[in-house]
Protein chains: 2
Amino acid sequence: MLTISQLAAYAGVTVRAVRHYHRIGLLPEPERDRSGYRTYDAGAVVRLIRIRTLADAGVPLARVQELLAAGPEEFADGVQEIDKALRAEIRRLQDTRGRLARLAAGEHLALPQSVVDYLDRLRGLGVEERYIEMERDAWIMIAAQVPHSIDSVIAKKHEELDDPDMVKLYSLLSGALDWPADDPRIVEVADIMERLMVRAVEAGEVGADDGIDDQFVDLLDSTMVESSPHAARLLAILEERGWRGWTRIERVPADRLNTDLPPS
Amino acid sequence: MLTISQLAAYAGVTVRAVRHYHRIGLLPEPERDRSGYRTYDAGAVVRLIRIRTLADAGVPLARVQELLAAGPEEFADGVQEIDKALRAEIRRLQDTRGRLARLAAGEHLALPQSVVDYLDRLRGLGVEERYIEMERDAWIMIAAQVPHSIDSVIAKKHEELDDPDMVKLYSLLSGALDWPADDPRIVEVADIMERLMVRAVEAGEVGADDGIDDQFVDLLDSTMVESSPHAARLLAILEERGWRGWTRIERVPADRLNTDLPPS
DNA sequence: GCTTGACCTTGACGCTGGGTCAACCCTCCA
DNA sequence: TGGAGGGTTGACCCAGCGTCAAGGTCAAGC
């Protein structure tokens with residue numbers, strides 16, 4: 001006959017755990033000797049080791065109870081399921097190892113790869129790191145609000161970067177972080193933007209359905225306005241010249257300008 | 001700006017969890033809008049995703065706190081350690097899968113492989129399954145009490161089975177489960193045992209240091225006596241003939257018999 | 001026969017990482 | 001204007017034990 005600590009040690013559990021199993025009825029209370037000590041037989045060893053094997057696999061004790069009480073068929077099914085969960089857990093942990101390595105390498109896990117690639121491309125074009133961080137934060141906010149459309153939007157941004165004028169625009173905007181609020185170079189930026197817009201209109205890209213919903217267009221625009229003090233001034237200049245929008249460009253007829261006031 | 005549910009959804013956690021992180025100071029409380037709603041920026045997204053990456057790796061939240069507050073060097077060291085723990089956990093789960101498969105296959109995990117092999121050998125010799133179960137339970141009790149010496153003891157039992165008389169003995173003992181208490185065949189068993197003992201004495205195996213400690217010899221003997229009603233009678237017969245012990249045999253001189261009573 | 005130290009007993013509280021109400025307020029849309 | 005679907009705080013609940021606390025028992029040595 002075994003004492004509780006012999007039983008526990010052999011099964012690789014603590015004495016406390018064995019008593020816990022007694023309390024919840026998972027392991028039957030054995031006979032006591034005349035001094036009240038529990039005395040265990042081989043059956044208890046077998047059952048306890050079964051309990052631990054299942055519990056080590058992450059099975060809740062209540063479910064262990066069910067399984068040990070079930071017939072062999074139900075037991076086999078249960079074990080199948082547990083094994084499936086174990087395989088999934090192993091995969092999850094392997095995945096976590098990968099994410100952890102990327103975190104340690106200083107990667108930003110808050111953005112999908114497509115956006116990270118886009119930011120790397122900007123960096124490669126010589127855009128200042130401060131500006132890239134601003135863009136990154138803006139993209140994080142966008143991705144958090146519409147995670148499903150982020151990839152298609154970024155694909156469009158990639159296309160735009162094929163235009164040398166757009167590259168020029170970025171290098172100017174990058175430097176604009178240090179400009180005073182009324183810096184005249186903002187006009188130069190507006191000029192480049194207008195050229196880009198004209199070309200977009202000629203290519204028939206304006207007014208076509210771009211597959212992005214209206215609310216999202218508003219979101220992108222407002223994110224842009226929030227991101228820099230120059231943004232609002234830039235939009236004002238462009239509006240004077242008959243353009244509206246940023247994400248989705250519209251040509252506004254001269255007589256419909258200043259529609260902030262409702263037409264009387 | 002994001003609401004709590006946008007933040008939570010993007011980071012793959014529940015709103016409740018985010019609030020929990022606020023309470024324990026893991027994620028700083030953000031500004032509120034005029035109606036009391038929390039409003040989050042990109043920094044919160046980045047921090048929350050870092051928290052989750054570490055927490056998913058099984059790091060306690062208190063430790064996450066420390067790591068995120070630490071310098072890059074300490075952080076890298078911490079991540080190293082976490083990764084080590086992850087690898088260990090993955091190995092443990094793979095091991096558990098193996099044990100689970102053996103459990104499902106009906107194996108008894110309560111015994112080391114050496115004992116399982118020994119029982120299989122008995123089974124191969126035609127020993128009855130009931131007797132093998134008895135032996136198994138006895139070996140479980142022994143293994144639980146002295147796990148470190150079990151292998152060497154089993155090795156000796158394997159050697160003994162090379163003797164055809166020992167094989168005969170087992171086949172008799174196996175059948176003895178159904179004998180009445182005073183079955184005369186027990187004498188036949190005693191005869192075989194005596195032959196085995198004589199041969200052991202001749203081979204010089206008796207009295208030599210067998211490397212097993214005295215307490216353990218007592219344990220094996222008492223386990224044997226408890227296992228069957230015939231065992232005690234068998235030992236009594238052998239003692240009449242001048243033999244003592246079972247696990248470790250001793251030749252007792254005729255004039256020293258009945259030493260239960262102290263010599264006057 | 002007494003002490004010592006290792007073991008046994010029950011019972012109660014603590015811990016992590018949130019889940020789950022409850023009771024209420026805010027915003028948006030028809 | 002009202003109802004759905006957000007948000008807010010607060011309080012209690014869960015597994016699976018760990019960790020005291022406050023003793024009773026046993027074996028061994030003196």
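Protein chains get the first letters and strands the later ones, always in sequence-line order, with residue 1 at the start of each. This is a predicted model, so every value here is computed, not measured.
Remark: C1' of dG17(C) and CZ of Arg63(B) are 18 Å apart, rounded to the nearest angstrom. Between the C1' atom of dC8(C) and the CD atom of Gln6(A) lies a distance of 13 Å, rounded to the nearest Å. Put simply, CZ on Arg34(B) is 18 Å from P on dC25(C), counting in whole angstrom units. If you measure from atom CD1 of Ile4(B) to atom C1' of dG18(C), you get 14 Å, rounded to the nearest angstrom. One interatomic measurement links the two molecules: CG of Leu27(B) to P of dG17(C), which rounds to 15 Å at whole-angstrom precision. Taking atom NE2 of His22(A) as the reference point, atom C1' of dT9(C) lies 12 Å away to the nearest angstrom. The CZ atom of Arg32(B) sits 10 Å away from the C1' atom of dG7(D) (whole-angstrom rounding). Rounded to an integer number of Å, the gap from Asp33(A) CG to dC7(C) P is 16 Å.
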Sugar-phosphate or base contact per nucleotide [nucleotides 10-25 of chain D; S, B, -; heavy atom under 4.0 Å]: -B----SBBB----BB

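Residues Leu48(A) and Tyr40(A) are not in side-chain contact: their nearest non-hydrogen atoms beyond the backbone lie 4.5 Å or more apart.
Among the candidates Arg52(A), Gln65(A), Arg47(A), the single residue satisfying the side-chain hydrogen bond (donor to acceptor under 3.5 Å, both in side chains) test with Tyr21(A) is Arg52(A).
OP1 or OP2 of dC7(C) has not a single side-chain nitrogen or oxygen of Ser5(A) nearer than 4.0 Å. The phosphate of dG7(D) (OP1 or OP2) has no side-chain N or O of Arg38(B) nearer than 4.0 angstrom.
Counting only distance, with no hydrogens or angles, the side chain of Gln6(B) and the backbone of Thr3(B) share a donor-acceptor pair below 3.5 Å.
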Chi angles and distances behind the side-chain hydrogen bond (donor to acceptor under 3.5 Å, both in side chains) call for Asp151(B), Ser114(B): CA-CA 6 Å; Asp151(B) 280 350; Ser114(B) 60; 2.7 Å; yes

Step-by-step side-chain hydrogen bond (donor to acceptor under 3.5 Å, both in side chains) determination, Glu239(B) to Trp243(B): CA-CA 5 Å; Glu239(B) 192 152 347; Trp243(B) 301 96; over 6 Å; no

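Within a 6.0 Å sphere centred on CD of Glu73(A), heavy atoms belonging to other residues, nucleotides or ligands number 12 at most.
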